[in-house]
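Keep in mind that the numbers below use all heavy atoms, side chains included, and drop hydrogens, waters and symmetry copies.
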Amino acid sequence: QVQLVESGGGLAQPGGSLRLSCAAAGRIFSNYVAGWFRQAPGKEREFVAAISRYGRNSYYADAMKGRFTISRDNAKNTVDLQMNSLKPEDTALYFCAASDAISSSSTYYQQGQYRYWGQGTQVTVSS
C-alpha cells in the first residue's frame, strides 16, 4: 500500500504558474505508475497527466499538452505537476494517484486503474 499527500495548490492569476507536488510513502515508488487527475465543481473527475514507473514516458490530456509537465523523482518518492499558462477553467481539486496494475500505456488515463489516491489540493485560477 502507498499513501499519497499532495501540496502546492493555491490561487494563481490567469497566465500564471503553479507547481503541485505529491509525496508518496509506503512501498517502493518505482513500482507504481503515477498520475494526476482533477475535479472541478459540478463536474466529474478527469485525467490530467500520468508518468511511467521510471519516468521514461509521460501522457497528457489534450487540454494540458504544452502547458503542464509531469515529472517524478523515485529517490525522493515524489511526483510533480508543473502547470503553466493557467486558465480559469483549470480551477479544480487536483488529485495524485498511483497504480501498480497498469501494464499498457492505453490505460494510463483510466481512473479505475489507480488504486491509491491522495486527498487533493485546490487550485484556483482567477484574477
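- Geometrically, R38 does not engage F95 in a cation-pi contact defined by less than 6.0 Å to the ring centre and at most 45° from the axis.
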Requested in this report: Report the C-alpha distance between T124 and S126 in whole Å, list the side-chain angles of each, state the deciding distance to 0.1 Å, and finish with yes or no for side chain to side chain donor-acceptor pair (under 3.5 Å).
Outcome: CA-CA 6 Å; T124 302; S126 175; over 6 Å; no
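- No more than 12 heavy atoms of other residues, nucleotides or ligands shown are found within 6.0 angstrom of CD on E44.
- S99 contributes a side-chain N or O that, together with a main-chain N or O of I102, makes up a donor-acceptor pair within less than 3.5 Å.
- A pairwise comparison of heavy atoms in V33 and R53 identifies CG2-NH1, 3.4 Å as the closest pair.
- Put simply, the side chain of L86 reaches to within 4.5 Å of the side chain of L18, judged on heavy atoms.
- Closest heavy-atom contact between V123 and G9: CG2-CA, 4.2 Å.
- Here OG of S17 is found 8.5 Å from CE of M83. Values are rounded to the nearest 0.5 Å.
- Contact annotation: the side chain of C96 never approaches that of W117 to less than 4.5 Å [non-hydrogen atoms, C-beta and beyond].
- Taking the side chain as every heavy atom from C-beta outward, R19 and S71 approach each other to under 4.5 Å.
- For the pair M64 and E46, the tightest heavy-atom approach, listed with the atom from each and the gap, is CE-OE2, 4.2 Å.
- Here the side chain of Y94 pairs no donor or acceptor atom with the backbone of L81 at under 3.5 angstrom.
- D80 and Q82 share no side-chain donor-acceptor pair at under 3.5 Å.
- Between L20 and W36 the shortest heavy-atom distance is CB-CH2, 3.7 Å.
- With values rounded to the nearest 0.5 angstrom, Q110 atom CD is found 10.5 Å from F47 atom CZ.
- Side-chain N or O atoms of Q111 include one that pairs as donor or acceptor with a backbone N or O of R45 at under 3.5 Å.
- Nearest heavy atom pair, residue T91 against residue A40, reads O-CB, 3.6 Å.
- Two residues are said to be in side-chain contact when any heavy atoms from C-beta on lie closer than 4.5 Å; Y108 and Y114 meet this criterion.
- Looking at L93 and T121, their side chains never come closer than 4.5 Å, going by heavy atoms from C-beta outward.
- Within the 4.5 Å cutoff, side-chain heavy atoms of Y54 are placed close to those of S30.
- Residues satisfying the side-chain hydrogen bond (donor to acceptor under 3.5 Å, both in side chains) test with Q3, not counting sequence neighbours, are none.
- Side chains of T78 and D73: a donor-acceptor N/O pair is absent below 3.5 angstrom, by distance only.
- Contact check for N77 versus R72: no side-chain heavy atoms found under the 4.5 Å cut-off.
- Here the straight-line distance linking atom CZ of F68 with atom CD1 of I70 works out to 11.5 Å at 0.5 Å rounding.
- We find that K87 and D90 are not joined by a salt bridge, their nearest charged nitrogen and carboxylate oxygen being 4.0 Å or further apart.
- Listed for the R56 side chain is no donor-acceptor partner under 3.5 Å among the backbone atoms of S52.
- Both I51 and V48 sit in one connected hydrophobic cluster of ILVMFWY residues. Membership requires side-chain heavy atoms under 4.5 Å apart, directly or through other members.
- Separation of atoms CD1 (I28) and CG (D100) is listed at 12.0 Å; rounding is to 0.5 Å.
- Side-chain contact between Y59 and S105: present, with at least one pair of heavy atoms (C-beta onward) separated by less than 4.5 Å.
- Across all their heavy atoms, S104 and S106 have their closest contact at OG-OG, 2.7 Å.
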